[in-house]
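For reference, the structure is listed below as structure tokens.
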Amino acid sequence: MLAIGLLGWLAWGIAVRCVELPPEMVERVTPSVCYYDFSGRLLHVERGYDYRWNFPIPLKELPPEMIRYVLAVEDRNFYRHHGFDFWAAFRATRQLLLNGHILSGASTITMQVMTMFTGRERTLRYKVRQILLACQWEKGHSKEETLEFYFNHLPFGGKIYGIEAAAQYYFGHSARELNRNEMILLSGLPQGPGKYRPDRYPVRAIQRRDVVLHLLIRNGVLTEAEATEIRHEPLRYRRFDMPYWPRQRDTHFFEMARKSAPGRREYPLALDSELQNAVLVALKRGQERLSGVKDAAAVVIENATGKIRSCVGTLNFADPVDGAVNAALAWRSPGSALKPFIYGEAIYGGMIVAETKLKDEKLLFDDYRPGNFDGVFRGEVPAQEALADSLNTPAVRLLQKVGVQRVLDLLNRQRLLRPGVVRQGERLGLSLAIGGTESNLVALTRGYARLAGASEGNPWLEDVGEGRGTQELWTPGVREMLLKMLRHRPIPGGGGLEAAWKTGTSNGNRDAWCFAVTPEWTVGVWMGNKSGAASPELIGAAAAAPVAAVILQLLHRETQPVWKSDGETLTQTVLCAKTGLAMGAECPEPMSGTTVTGIPLAVCQECRQGKLAPGLQKTRILSPQPGEYLANGRNANGVEIVRMVLRNQPAEVHLYVDGEYRGRHLSGDKVELSVGGHRLNVWGGDGWQPAEIFLQVKGGD
């Protein structure tokens with residue numbers, strides 16, 4: 001007999017090890033996800049697994065009475081068995097044999113948890129497997145974990161699962177706030193969730209509550225007096241004719257927040273829901289006045305935090321054709337919207353300031369002949385006018401001078417271009433200046449917000465703190481000068497509101513853009529058709545700018561923008577009146593201008609008369625000499641470079657490499673150059689003539 005018992009116990013142990021609940025069955029039971037606006041108001045609830053309403057709650061936050069009631073009714077020996085209660089099974093079997101029908105069950109809480117995964121069957125094979133799964137479950141989970149899972153996944157009628165969802169749905173408050181009458185009523189529902197739910201069968205629900213009270217009295221948990229007292233506590237039902245959990249049709253913002261931080265159950269959004277509604281109205285009104293234009297999108301960023309307070313990606317989410325398409329993330333030609341970043345890089349390299357004269361004349365390339373939008377050329381114009389009027393030929397000339405790849409690298413570091421557009425300067429060519437690539441509204445609006453010093457980090461969530469971007473956008477002085485240039489013209493429809501702004505119109509009038517910046521806010525607007533259909537009315541200044549102005553006025557309805565300068569980032573100086581560059585000894589006429597503190601501006605060369613003026617010395621590059629050099633090492637990124645010593649006269653100079661300012665340089669310092677052609681410029685400062693040489697670096701591999 002002992003041997004038979006030992007063999008039976010061994011077989012049982014082997015069977016328990018062989019039957020295991022697949023982990024993916026547990027992982028798939030995901031809870032509902034809640035989204036709150038920045039003020040904490042619940043905006044949207046996304047159903048969980050199997051379209052359920054389910055809001056898990058820690059076991060320690062449940063009222064102790066609730067746990068005591070459920071254990072007394074469902075599994076009195078919960079803390080004494082290991083998944084299967086042999087004594088309860090023996091008692092149930094004995095009652096069945098003596099009475100001919102079931103008086104009490106033997107299913108433990110752990111076995112009921114297994115039923116949540118495997119469903120219910122009335123077969124012996126199913127029951128044995130359920131017992132084995134329960135025993136195996138308890139080997140890897142504590143009693144507290146099992147009990148918490150049980151309370152959080154019990155069915156309470158329809159698609160309501162878990163005690164928290166049941167408390168909210170039936171009584172309009174959390175399980176933490178249930179009174180005893182409500183606890184006991186809910187304790188009885190899982191035995192027949194569809195049969196006893198109080199919103200449909202209130203009488204049955206009360207009858208079931210009384211059955212549970214009777215069991216609690218019989219099991220010694222409550223006295224008759226306590227039960228009578230509990231019956232008189234109110235059942236605080238909510239109004240069942242009103243939906244409890246909010247659902248939004250337009251889920252774009254929620255999807256972007258979830259993608260930015262996957263796996264969360266609660267998302268405190270950066271979204272200002274009232275502003276979102278106002279922006280949607282402004283977009284619809286702007287779209288309605290345009291012929292052949294069906295869609296629009298907008299992004300609003302609070303510069304102080306870098307948070308996206310509004311993002312409208314569609315005018316009608318319910319539109320059966322493309323209403324669910326998020327235009328704020330669609331990759332499209334930005335037109336001239338990238339020009340400020342070309343100008344900013346030129347300012348950063350000491351090539352121009354706001355007053356520098358740029359040529360607006362015909363450009364003829366073999367396969368590229370850019371012209372202005374209005375077909376008119378203006379000759380020489382100050383840089384700030386060329387940018388404010390969005391002239392194409394000055395921007396193309398400036399891009400050629402700065403370098404396509406250099407600007408492309410900047411745009412990619414700032415995440416302004418479609419992923420994958422990293423090193424294709426030769427293919428893009430100078431068309432980059434007027435929209436020969438792709439960007440999207442969210443990326444561009446964030447790029448413009450960086451001009452105002454917007455913080456980096458997760459822009460979609462309120463509870464994610466500030467961070468740093470891939471690279472800070474230039475220096476405060478460069479940004480201040482660029483924003484000043486972008487304020488040169490008033491924004492259409494702005495009512496005198498002072499804003500830095502820039503428009504863009506894609507080739508063929510398929511997209512109209514406007515980006516507007518104040519010290520407090522950055523607004524991006526796109527008008528067009530998601531299908532890509534063109535319209536003659538899709539012009540940035542006429543279609544998108546007035547809408548951006550309306551949104552800015554909403555944002556500044558109480559206070560006007562205040563543009564401040566600390567007086568240290570920009571320096572008042574004397575420039576050459578002819579070129580708008582640094583005054584040289586040969587320049588006959590000066591004018592007042594502004595430069596960026598710490599970035600020397602290139603000296604005017606046009607006023608030279610063929611020889612040095614008295615007192616002007618020539619800066620010299622003593623070594624290296626112009627010619628070809630072989631790479632002799634690699635940098636930290638593995639790129640082949642040549643390291644060479646630069647000797648110069650005077651002993652300290654300003655160094656430029658390919659137009660990029662490298663700072664002050666002492667004779668004898670080393671300089672690193674990558675494979676390719678390079679232009680080195682050095683300038684000794686006031687009273688010195690700049691010097692220039694060209695080098696070619698060849699790969700050593």
Side-chain angles (χ1 to χ4, degrees), residues 279-301 310-316 322 325-341 370-375 387-392 395 416-418 431-448 486 489-494 499-517 522-553:
V279 169
L280 178 59
V281 170
L283 287 173
K284 286 183 176 179
R285 289 177 178 172
Q287 174 265 329
E288 287 168 358
R289 63 180 176 80
L290 301 175
S291 175
V293 179
K294 296 181 179 179
D295 299 301
V299 174
V300 178
I301 296 177
S310 173
C311 181
V312 177
T314 188
L315 297 184
N316 181 12
D322 50 17
V325 175
N326 189 348
L329 295 179
W331 297 102
R332 292 178 172 272
S333 167
S336 297
L338 294 178
K339 284 178 181 173
F341 299 94
N372 290 322
F373 186 79
D374 58 7
L387 178 58
D389 293 340
S390 200
L391 302 180
N392 287 338
L416 298 181
L417 301 184
R418 189 170 194 160
S431 67
L432 178 64
I434 52 177
T437 184
E438 290 184 332
S439 188
N440 69 48
L441 185 64
V442 171
L444 281 171
T445 308
R446 295 191 72 193
Y448 275 84
L486 291 170
R489 301 267 190 261
I491 185 169
W501 61 287
K502 183 71 188 74
T503 60
T505 305
S506 65
N507 187 37
N509 297 87
R510 289 178 169 81
D511 307 273
W513 309 79
C514 182
F515 300 91
V517 182
T522 300
V523 175
V525 171
W526 169 84
M527 310 291 288
N529 295 297
K530 292 172 186 171
S531 64
S535 169
E537 298 198 36
L538 284 174
I539 300 170
V547 179
V550 168
I551 296 172
L552 276 182
Q553 287 179 314

Shortest non-hydrogen contact between [X] and [Y], atoms and distance:
| X | Y | answer |
| --- | --- | --- |
| Q287 | V293 | NE2-O, 2.9 Å |
| A328 | V312 | CB-O, 4.4 Å |
| A543 | M527 | O-CG, 3.9 Å |
| A548 | A516 | CB-CB, 4.4 Å |
| V300 | V279 | CG2-CG2, 4.1 Å |
| L552 | A499 | CD1-CB, 3.7 Å |

Would you find a donor on one side and an acceptor on the other, under 3.5 Å apart, between the side chain of [X] and the backbone of [Y]?
| X | Y | answer |
| --- | --- | --- |
| N509 | A534 | no |
| T437 | L432 | no |
| D389 | L391 | no |
| E537 | S291 | yes |
| N529 | K294 | yes |
| S506 | S333 | no |
| S439 | L416 | yes |

Inter-residue atom distance [X].[atom1] - [Y].[atom2], 0.5 Å rounding:
| X | Y | atom1 | atom2 | value |
| --- | --- | --- | --- | --- |
| I491 | Q553 | CD1 | CD | 9.0 Å |
| W513 | R332 | CH2 | CZ | 7.5 Å |
| L538 | L290 | CG | CG | 7.0 Å |
| L280 | R285 | CG | CZ | 10.5 Å |
| C514 | L444 | SG | CG | 12.0 Å |

Just so I know, are the side chains of [X] and [Y] near enough to count as touching, which here means a heavy-atom distance under 4.5 Å?
| X | Y | answer |
| --- | --- | --- |
| I539 | T503 | no |
| K339 | I434 | yes |
| F515 | T522 | no |

- Message: Under the criterion side-chain contact (heavy atoms from CB on, under 4.5 Å), I'd like the reasoning laid out for V547 against R289: C-alpha separation, chi angles, the key distance, then a yes or no.
- Response: CA-CA 11 Å; V547 179; R289 63 180 176 80; 4.2 Å; yes
- Query: Taking atom types as modelled and ignoring hydrogens, do the side chains of K530 and T314 form a donor-acceptor contact shorter than 3.5 angstrom?
  - Reply: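 Yes, a side-chain donor-acceptor pair sits under 3.5 Å.
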- Item | K502 side chain to S390 side chain, donor-acceptor N/O pair below 3.5 angstrom |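 Note: K502 and S390 side chains meet the donor-acceptor criterion.
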- Mind checking salt bridge (charged side-chain N to carboxylate O under 4.0 Å, His left out) for D295 and listing every partner two or more places apart, or none if nothing turns up?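 Applying salt bridge (charged side-chain N to carboxylate O under 4.0 Å, His left out) to D295 gives none.
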- Item | Counterpart residues, ring-ring contact (aromatic ring centres under 6.0 Å, His included), relative to F341 (two or more places apart) |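 Testing F341 for ring-ring contact (aromatic ring centres under 6.0 Å, His included), a comparison that skips the adjacent residues, returns Y448.
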